[in-house]
**Student:** 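Provided herewith is a single structure, encoded as structure tokens, for subsequent inquiry.
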Amino acid sequence: MPEAPKCPQKAGEEESVVAAENKKVLEFIEDITMNADQVQPKVLAEILSRNANVEYLQRHGLGGHTDAQTFKKTMPVITYEDIQPDINRIANGDKSPILCSQPISEFLTSSGTSGGERKLMPTIEEELGRRSKLYSLLMPVMSQFVPGLEQGKGMYFLFIKYEAKTPGGLAARPVLTSYYKSSYFKNRQPDPYTNYTSPNEAILCPDSYQSMYAQMLCGLCQRHEVLRVGAVFASGFIRAIRFLEKHWKPLCNDIRTGTVNSQITEPSVREAVMRILRPDPKLADFVEGECKKERWQGIITRIWPNTKYVDVIVTGTMSQYIPTLDYYSNGLPLVCTMYASSECYFGVNLNPLCKPSEVSYTLIPTMAYFEFLPIHNDKEQQEELVDLTDVKLGQEYELVVTTYAGLYRYRVGDVLRVSGFKNKAPQFNFVCRKNVVLSIDSDKTDEVELQNAVKNAVTHLLPFDAHLTEYTSYADTTTIPGHYVLFWELTLKGSTPVHPSVFEDCCLAIEESLNSVYRQGRVADKSIGALEIKVVEEGTFDKLMDYAISLGASINQYKTPRCVKFAPIIELLNSRVVSSFFSPKCPKWIPGHKQWATMHMD
Ligand code: AMP
């Protein structure tokens, strides 16, 4: 965007304003981490006193108490399923204070699922302010390590997703869609740290192709101003690079002529792009020259030469994308700035330039009341939950939150390990999401879901007297987008050969049986590729067991892993593939919950 040139004095003034703001934020972090032990009971008391009259707390007999001791004694530690009846009532239009005294403003649709459908997290208007507060901490922290970021722009690929309405009329949408559509984002004050190459109109365009096209075009036009690039998750950023790989020709054409491709039909997006786009044959030649090259190694630094880092989450399952990002960025720092969820925004990374494997998040004590359920791998042990400032270095815990929006002692499902402390506030490595075996984008498939899906699929084999003897799976991220691969070992007793279309039906049957986040990724977001079944030679799974035993597994206790990640094992399996099949089409997916669709039809 051609901005008014800054006169030096003004620029100097602006820098000192930014520096003063940064200092304030860093002092805030210092202060709340220093006083984490006092902040946390205050947060709990505030949540409980405001909500003293809500049905849920009364039902459990908290009786207006606001102290941690009574709270812990009285209130159960819960999962989503425990409050699902309450959530359904709210979704169906019950406006009485069930979980929270403040009106529920909307539902945030989590990528965590229950019964195959996204979990619905009720939220309140003021939570937007809390989320915005957490965002405001990120750049002051970053600027301590990378100075001068206020002098350029961020090229971030940000998207809104489908939203639905509950039968009671509340919006149900992902937390980021809610945030980008809020005035906190749309009407943000001019701030050098939220100065993005993507115009709001492009980010807020519901058509993901037009949105991506416009964001990429604007990013290319402002390539010299770009100092940092990113997306929320690594998978999203790689998808943007892949988009450039596929669509650089029309993009270059638009840059050359200064006009927007006719596929971009949304008038507000066209207008917003036209504010930035100028006919620039030289730039078009340059981008074309780079994109034509066979090797895309370092494409980010070639096209956006001033980029200092790639801002994407690569912790958790996203770590599978690190090699691809390293390749495209020529090893630029990969920066994970924050840890958040639909339930609550949790914390920030205070040492953002550290290696991805060392990322630790400092939970911000004002966001919610945090408790920690110790995890013992040897046996299920009933143990007391621990407070934020009482966690032990090196110990793993499941995160439990009590939020301003009305979740009380709610198990988030994430496993965290204490890696250190910032003053009194602990810092955590993200270890994993409990039970998840497969993930490509925001989909999270657990072993039981996979097992059920496979069970549904193998019914297609019965007429051929073919039986599945063993299977395992892995998330193949070498393709873009990545896809689920299942290795199947079969016993074929029938005389009729199994036609390839039968295996394709099996692929589709698995996809149809997976949860709605997976199916949305396949259908709407196109962030997950077609599922693949690779049939392996008989005896392959015995070889797999031999291999595991050679690595020290016990023969008696050996169980076929339902998901494999270790490269030599994947190699072994791949070396014995006899045929492979892909899902021939996308599974069915509709926005909103299955039961709402039926309700509307009634
Ligand atoms: P959602 O409820 O769909 O917003 O997903 C939230 C979940 O995404 C969290 O509970 C984590 O499992 C995962 N997540 C969020 N931020 C991070 C992060 N920085 N590193 C790893 N996993 C994350």
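Counting starts at 1 for both ligands and their atoms, following the listed order.
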**Student:** A quick test of your reading: do over 12 heavy atoms of other residues, nucleotides or ligands sit less than 6.0 Å from CD of E126?
**Tutor:**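 Correct, the count exceeds 12.
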
**Student:** Quick one: side-chain hydrogen bond (donor to acceptor under 3.5 Å, both in side chains) pairs with a partner in residues 333-352, sequence neighbours left out?
**Tutor:**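 side-chain hydrogen bond (donor to acceptor under 3.5 Å, both in side chains) check on residues 333-352 returns Y135-Y345, Y339-D414, S341-E343.
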
**Student:** Hey, which of F372, F346, Y361 is the one that makes ring-ring contact (aromatic ring centres under 6.0 Å, His included) with F428?
**Tutor:**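 With F428 as partner, ring-ring contact (aromatic ring centres under 6.0 Å, His included) holds for just one option, F372.
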
**Student:** May I ask you to decide whether E384 forms a salt bridge with K72, counting only side-chain N to carboxylate O separations under 4.0 Å?
**Tutor:**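 Looking at K72 together with E384, the answer is no, because their closest N to O distance does not fall below 4.0 Å.
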
**Student:** Could you give the N/O to N/O pairs under 3.5 Å linking ligand 1 and the protein, each with its distance?
**Tutor:**
| from | atom 1 | to | atom 2 | distance (Å) |
| --- | --- | --- | --- | --- |
| ligand 1 | 2 (O) | S110 | OG | 3.1 |
| ligand 1 | 2 (O) | S342 | N | 3.3 |
| ligand 1 | 2 (O) | S342 | OG | 2.8 |
| ligand 1 | 3 (O) | S111 | N | 2.7 |
| ligand 1 | 3 (O) | S111 | OG | 2.5 |
| ligand 1 | 4 (O) | S342 | N | 3.3 |
| ligand 1 | 4 (O) | S342 | OG | 3.2 |
| ligand 1 | 5 (O) | S111 | OG | 3.4 |
| ligand 1 | 10 (O) | D414 | OD1 | 3.3 |
| ligand 1 | 10 (O) | D414 | OD2 | 2.6 |
| ligand 1 | 10 (O) | R433 | NH1 | 2.9 |
| ligand 1 | 12 (O) | D414 | OD1 | 2.7 |
| ligand 1 | 12 (O) | D414 | OD2 | 3.3 |
| ligand 1 | 12 (O) | R433 | NH1 | 3.4 |
| ligand 1 | 19 (N) | M338 | O | 2.9 |
| ligand 1 | 19 (N) | Y361 | OH | 2.9 |
| ligand 1 | 20 (N) | T315 | OG1 | 2.6 |

**Student:** Test of understanding: with ring-ring contact (aromatic ring centres under 6.0 Å, His included), list the residues that count as partners of Y156, not counting sequence neighbours.
**Tutor:**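 Y156 satisfies ring-ring contact (aromatic ring centres under 6.0 Å, His included) with Y196 only.
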
**Student:** Anything under 3.5 Å between a donor and an acceptor, one on a side chain of residues 398-408, the other on a protein residue two or more places apart or in another chain? List them.
**Tutor:**
| from | atom 1 | to | atom 2 | distance (Å) |
| --- | --- | --- | --- | --- |
| E398 | OE1 | R411 | NE | 3.3 |
| E398 | OE1 | R411 | NH2 | 2.8 |
| E398 | OE1 | K434 | NZ | 2.9 |
| E398 | OE2 | R411 | NE | 3.2 |
| E398 | OE2 | G413 | N | 3.4 |
| T402 | OG1 | R409 | N | 3.0 |
| T403 | OG1 | A405 | N | 3.3 |
| T403 | OG1 | G406 | N | 3.4 |
| T403 | OG1 | L407 | N | 3.2 |
| Y404 | OH | E46 | OE1 | 3.0 |
| Y408 | OH | N51 | ND2 | 3.4 |
| Y408 | OH | L99 | O | 2.6 |

